[in-house]
Amino acid sequence: MQWLWYAWGGRLPQRYREWVLHDVTTRTWLLRHMARAVVLTLTAVAVVFIPLVLVVHVVFWLAVAATVLGVLVSVYYSMSYAWESGDVRLTKYGYPAGHGSQERERIAEERDREMQEGYRAMWR
């Protein structure tokens with residue numbers, strides 16, 4: 001339930017501060033962001049889709065097609081602002097603005113440096 005609250009943009013207890021930093025800076029942070037976006041979108045769509053099908057009696061395939069299109073647009077929009085969203089999440093836990101982006105850049109530079117050192121060690 002806490003993860004759903006977090007996916008919806010809610011604030012977790014302060015003891016999860018380091019976990020949130022890991023969540024938005026780990027190697028798979030974009031996949032994690034996409035998972036949150038999909039869950040958020042599907043829960044919001046369920047509120048609209050189920051009443052449409054059950055109460056309004058719309059054509060089922062049309063409702064499904066509109067729902068799929070809505071999910072795709074929503075996830076695309078969310079992914080467009082993934083970097084900013086991660087930084088905003090971190091500011092809720094007391095990190096300075098832009099900390100997530102800086103941390104991801106630092107991690108990427110370390111990874112690149114390690115790869116270069118491995119390459120040099122192999123081919124020298």
Side-chain angles (χ1 to χ4, degrees):
M1 292 305 291
Q2 283 185 329
W3 187 85
L4 285 175
W5 175 249
Y6 175 72
W8 272 87
R11 192 174 186 286
L12 296 174
Q14 193 63 23
R15 67 179 179 266
Y16 293 107
R17 184 176 192 259
E18 293 299 318
W19 181 85
V20 173
L21 176 63
H22 172 75
D23 185 51
V24 299
T25 59
T26 190
R27 180 178 286 197
T28 58
W29 77 275
L30 271 176
L31 293 174
R32 290 168 175 252
H33 180 82
M34 188 180 331
R36 282 193 305 273
V38 168
V39 167
L40 174 67
T41 303
L42 290 178
T43 55
V45 164
V47 173
V48 175
F49 179 76
I50 293 170
L52 274 178
V53 173
L54 297 178
V55 177
V56 181
H57 301 293
V58 297
V59 179
F60 185 74
W61 70 266
L62 186 57
V64 170
T67 301
V68 168
L69 182 60
V71 168
L72 290 175
V73 169
S74 177
V75 170
Y76 176 79
Y77 182 78
S78 177
M79 295 304 290
S80 297
Y81 292 97
W83 283 260
E84 293 85 355
S85 176
D87 287 340
V88 168
R89 280 184 189 278
L90 289 176
T91 59
K92 291 180 183 180
Y93 294 90
Y95 290 101
H99 183 73
S101 296
Q102 292 170 354
E103 188 68 16
R104 284 189 295 272
E105 287 176 19
R106 185 189 63 75
I107 292 169
E109 287 173 2
E110 279 181 21
R111 194 177 316 127
D112 290 347
R113 195 173 316 113
E114 289 171 4
M115 289 176 60
Q116 288 175 353
E117 289 171 4
Y119 178 84
R120 287 185 189 122
M122 182 186 304
W123 295 104
R124 279 193 175 192

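Numbering of residues begins at 1 and proceeds along the displayed sequence. Bear in mind the structure is a predicted one, so any value in this text is a computation, not a measurement.
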When every non-hydrogen atom of T41 is compared with those of G70, the smallest separation belongs to CG2-O, 4.4 Å

Taken to the nearest 0.5 Å, the spacing of E109 CD from I107 CD1 works out to 10.5 Å

Verify the ring-centre separation between W83 and W29: is it less than 6.0 angstrom? yes

Scanning both residues in full, the closest heavy-atom pair of L90 with L21 reads CD2-CA, 3.6 Å

Is there a path of hydrophobic side-chain contacts, each under 4.5 Å between heavy atoms, that joins L42 and V64?
yes

Check your understanding: In terms of hydrophobic clustering (I, L, V, M, F, W, Y; side-chain heavy atoms under 4.5 Å; direct or indirect links), are M79 and Y81 co-clustered?
Key -> no

Closest heavy-atom pair, L12 versus Y93, reported as atoms and distance to 0.1 Å, is N-OH, 2.6 Å

Discussion item. Checking the side chain of S78 only, and the main-chain atoms of S74 only, is there a donor and an acceptor separated by less than 3.5 Å?
Written reply: no

Heavy atoms of T91 and A97 approach each other most closely as CG2-CA, 3.9 Å

Around W3, counting heavy atoms of other residues, nucleotides and ligands shown, do more than 12 lie under 6.0 Å from its CH2? yes

Between A82 and L30 the two heavy atoms that sit nearest each other are CB-CD2, 3.8 Å

Mark yes or no: R89 above the aromatic ring of Y6, with NZ or CZ under 6.0 Å from the six-membered ring centre and no more than 45 degrees from the axis. yes

Checking R17, R104, R36 against D23 for salt bridge (Lys or Arg N to Asp or Glu O under 4.0 Å), the one that qualifies is R36

Membership question, hydrophobic clusters at under 4.5 Å side-chain separation (ILVMFWY): are V38 and W5 in the same one? no

So does E117 pair up with R113, basic N to acidic O under 4.0 Å? no

According to a hydrophobic-cluster definition based on side-chain heavy atoms being under 4.5 Å apart (Ile, Leu, Val, Met, Phe, Trp, Tyr only), do L69 and W61 belong together? no

Item to complete: Evaluate the criterion side-chain contact (heavy atoms from CB on, under 4.5 Å) for residue pair R11 and Q14; output intermediate values, then yes/no.
Response: CA-CA 8 Å; R11 192 174 186 286; Q14 193 63 23; 2.6 Å; yes

In this structure, NZ of K92 is separated from CG of D87 (nearest 0.5 Å) by 13.0 Å

The reported gap from OG1 in T67 to CD1 in I50 (rounded to nearest 0.5 angstrom) is 10.0 Å

Q: Name the orientation class of the two ring planes belonging to H99 and Y95 (parallel below 30°, tilted from 30 to 60°, perpendicular beyond 60°).
A: parallel

R32 versus H22: any side-chain heavy-atom pair under 4.5 Å? yes

Check: Linking I/L/V/M/F/W/Y whenever any side-chain heavy atoms sit under 4.5 Å apart, do V53 and V45 land together?
Finding: yes

With a sphere of 6.0 Å drawn around CZ of R111, does it hold more than 12 non-hydrogen atoms of other residues, nucleotides or ligands?
yes

